[in-house]
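Lettering follows sequence order; numbering is per chain, from 1.
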Protein chains: 2
Amino acid sequence: MSSNHTHNKKNQTLTKNQRIVLNLLQDSGEPLKAYFILDSLKKEGLSSPLQVYRALDKLVELGKIHKVESLNSFIICNNSNCASNTAFTICERCGKVKEIKNNNLTEGVNELVRENKLNITRYNLEFYVVCKSCKIN
Amino acid sequence: MSSNHTHNKKNQTLTKNQRIVLNLLQDSGEPLKAYFILDSLKKEGLSSPLQVYRALDKLVELGKIHKVESLNSFIICNNSNCASNTAFTICERCGKVKEIKNNNLTEGVNELVRENKLNITRYNLEFYVVCKSCKIN
DNA sequence: TTACGTATGTAATAGTATAACATTAGAGGT
DNA sequence: ACCTCTAATGTTATACTATTACATACGTAA
């Protein structure tokens, strides 16, 4: 194989299945469901749900993607490093999901956590909104 | 029927299925899964998943229970009124779930929302923790 | 009474996720 | 180069979660 040399320390360790799943999520930018991913990647050789779920699990573990719990979907992480903490807005009308990457949020959450004496290891915040384009219509 | 008179304006409107599901969640205090609820209430006459899901949907809509998204479970609401906003701590070790009912949190969230210019309709916050009894061991 | 919205019962099926097991690939040590 | 160990793979079957579709009943208001 001529690929898989020493290009990217980070992605180098990914296996083929992990890589193609990550690429799909990256290209899409939207939350995708496991079985949709499976269908999309059948031509790349994926043939069973478990292959997808295993890749997804690993990518979540590596912090490269997140699970949007209330949508049973997975989305690329577009923070440099959120250490498995997640915060999304989800449009109630069109379903559009955006990861919130704002230092104010991190600050705010930390404060929230301090004030409430929560001893947290990580968090998942889902804010339901009506997005701009939906509000206009 | 001698029950179902005019005792409680709030619960009066609940149907039988809704009432028995609510009671089970109330008595339990823990998050329960739909099919567990079904099994538990077979003797009360429930016989299909749909009966449970319909009752759960209604109770969620009424704000009497919440769905814990990342657990696919439902838990009684122990705030007087959270208007479909939810905030939980979930112990990563034992799975214990507690609803956070702290005015600081509401305040904090509001501030968070203001600072980040989020135009939210509701939110769902899941804080993963290691609870006290798990930390000791 | 009629009409309408909501809840019910039942069966079938869709959608999400994991268990179990045998095999293979890759990184590190010697 | 070889051994070894861990992690990933492939495959089948199955478990778990949730909804569609349709026929029926109930309750309230016109």
Side-chain angles (χ1 to χ4, degrees), chain A residues 1-25 31-62 64-75 95 97 124, chain B residues 1 3-6 9-25 31-62 64-75 95 97:
Chain A
M1 287 293 162
S2 62
S3 63
N4 240 0
H5 282 312
T6 337
H7 298 132
N8 184 330
K9 275 287 186 204
K10 273 285 165 59
N11 278 24
Q12 177 190 18
T13 63
L14 294 183
T15 65
K16 183 204 163 209
N17 288 356
Q18 293 161 9
R19 209 167 345 99
I20 62 180
V21 169
L22 180 63
N23 286 343
L24 182 63
L25 285 167
L32 301 181
K33 286 168 176 279
Y35 277 70
F36 175 89
I37 293 172
L38 176 56
D39 285 345
S40 304
L41 296 180
K42 281 227 167 97
K43 49 185 175 309
E44 319 280 341
L46 289 193
S47 63
S48 88
L50 197 44
Q51 293 175 300
V52 175
Y53 281 107
R54 285 198 278 225
L56 290 170
D57 284 350
K58 191 64 185 182
L59 293 169
V60 166
E61 187 189 322
L62 294 173
K64 295 186 174 301
I65 66 173
H66 299 303
K67 181 170 189 183
V68 185
E69 293 290 352
S70 65
L71 301 180
N72 296 319
S73 299
F74 299 84
I75 191 170
V97 173
N124 170 48
Chain B
M1 287 292 161
S3 63
N4 242 359
H5 284 312
T6 337
K9 275 284 186 204
K10 273 285 165 57
N11 277 26
Q12 177 193 17
T13 62
L14 294 183
T15 65
K16 184 203 161 209
N17 288 356
Q18 292 161 8
R19 207 164 351 95
I20 62 179
V21 169
L22 180 62
N23 285 343
L24 181 63
L25 285 166
L32 302 181
K33 288 169 175 276
Y35 276 71
F36 175 88
I37 293 172
L38 175 56
D39 284 344
S40 303
L41 295 179
K42 282 224 166 103
K43 49 185 175 308
E44 320 279 341
L46 289 192
S47 63
S48 90
L50 195 44
Q51 295 175 300
V52 175
Y53 280 107
R54 285 199 280 225
L56 289 170
D57 284 350
K58 191 65 186 179
L59 293 170
V60 166
E61 188 190 324
L62 294 174
K64 295 187 174 301
I65 66 172
H66 299 303
K67 181 170 188 183
V68 185
E69 293 291 351
S70 65
L71 299 180
N72 297 318
S73 298
F74 299 85
I75 191 170
V97 173

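In this structure, A/L71 atom CG and C/dT16 atom P are separated by 11 Å, rounded to whole Å. One interatomic measurement links the two molecules: CZ of A/F36 to P of C/dA17, which rounds to 16 Å at whole-angstrom precision. Computed from coordinates, the A/E69 CD to D/dT17 P distance equals 14 Å when rounded to whole Å. Between B/R54 atom CZ and C/dG5 atom C1' the separation is 14 Å, expressed in whole Å. Taking atom CD of residue A/Q51 and atom C1' of nucleotide C/dT24, one finds them 13 Å apart after rounding to whole Å. Across the protein-nucleic acid pair, B/L38 atom CG and C/dT8 atom P stand 14 Å apart, rounded to whole Å. One can place CZ of A/R19 at 14 Å from C1' of D/dT9, the figure rounded to the nearest angstrom. Rounded to whole Å, atom C1' of D/dT9 lies 17 Å from atom CD of A/E44.
Residue B/N17 has its side chain nearest to C/dT8 when only C/dT8, D/dA21, D/dT11 are considered. Each of C/dT16, C/dG9, D/dT12 was ranked by its minimum atom distance to the side chain of A/Y35; first place goes to C/dT16. Ranking D/dA18, C/dT10, C/dT16 by closeness to the A/N72 side chain, first place goes to C/dT16. You'll find that the side chain of B/Q18 is closest to C/dA7, out of C/dA7, D/dA8, D/dT20. Comparing C/dT18, D/dA21, D/dA8 against the side chain of A/Y53 picks out C/dT18 as the nearest. Picking from D/dT9, C/dA17, D/dA21 the nucleotide with the shortest atom distance to the side chain of A/P49 gives C/dA17. Out of D/dA8, C/dT8, D/dT20, the shortest distance to the side chain of B/L50 is found at D/dT20.
Rounding to the nearest 0.5 angstrom, the gap separating the CZ atom in B/R19 from the CG atom in B/L59 is 11.0 Å. Between the CG atom of B/L24 and the CD1 atom of B/I37 there is a distance of 6.0 Å, given to the nearest 0.5 Å.
When the side-chain nitrogen and oxygen atoms of A/T15 are compared with OP1 and OP2 of D/dT9, one or more of them lie within a distance under 4.0 Å. Listed pair A/K33 / C/dG15 fails the phosphate criterion, with no side-chain N or O lying under 4.0 Å from OP1 or OP2. Checking the phosphate oxygens (OP1, OP2) of D/dT12, no side-chain nitrogen or oxygen of A/S48 falls inside 4.0 Å. Proximity of A/K67 to the phosphate of C/dT16: no side-chain N or O atom is located under 4.0 Å from OP1 or OP2. Put simply, B/K58 has a side-chain N or O that comes within less than 4.0 Å of OP1 or OP2 on C/dA7.
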Check: Is there a side chain to side chain contact (heavy atoms under 4.5 Å, CB included) between A/V21 and A/N17 once you walk through the steps?
Finding: CA-CA 6 Å; A/V21 169; A/N17 288 356; 5.5 Å; no
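Using modelled atom types, one side-chain atom of A/K33 and one backbone atom of A/L71 make a donor-acceptor pair closer than 3.5 Å.
Under the side-chain contact (heavy atoms from CB on, under 4.5 Å) rule, A/L38 has a single partner from A/S48, A/P49, A/S47, which is A/P49.
Summary of the strand contacts: B/K16 and A/D57 both lie near DNA chain C, and taking for each the nucleotide with the nearest heavy atom, the more 5' one is attributed to B/K16.
Between A/L41 and A/V52 the shortest side-chain heavy-atom distance does not fall below 4.5 Å.
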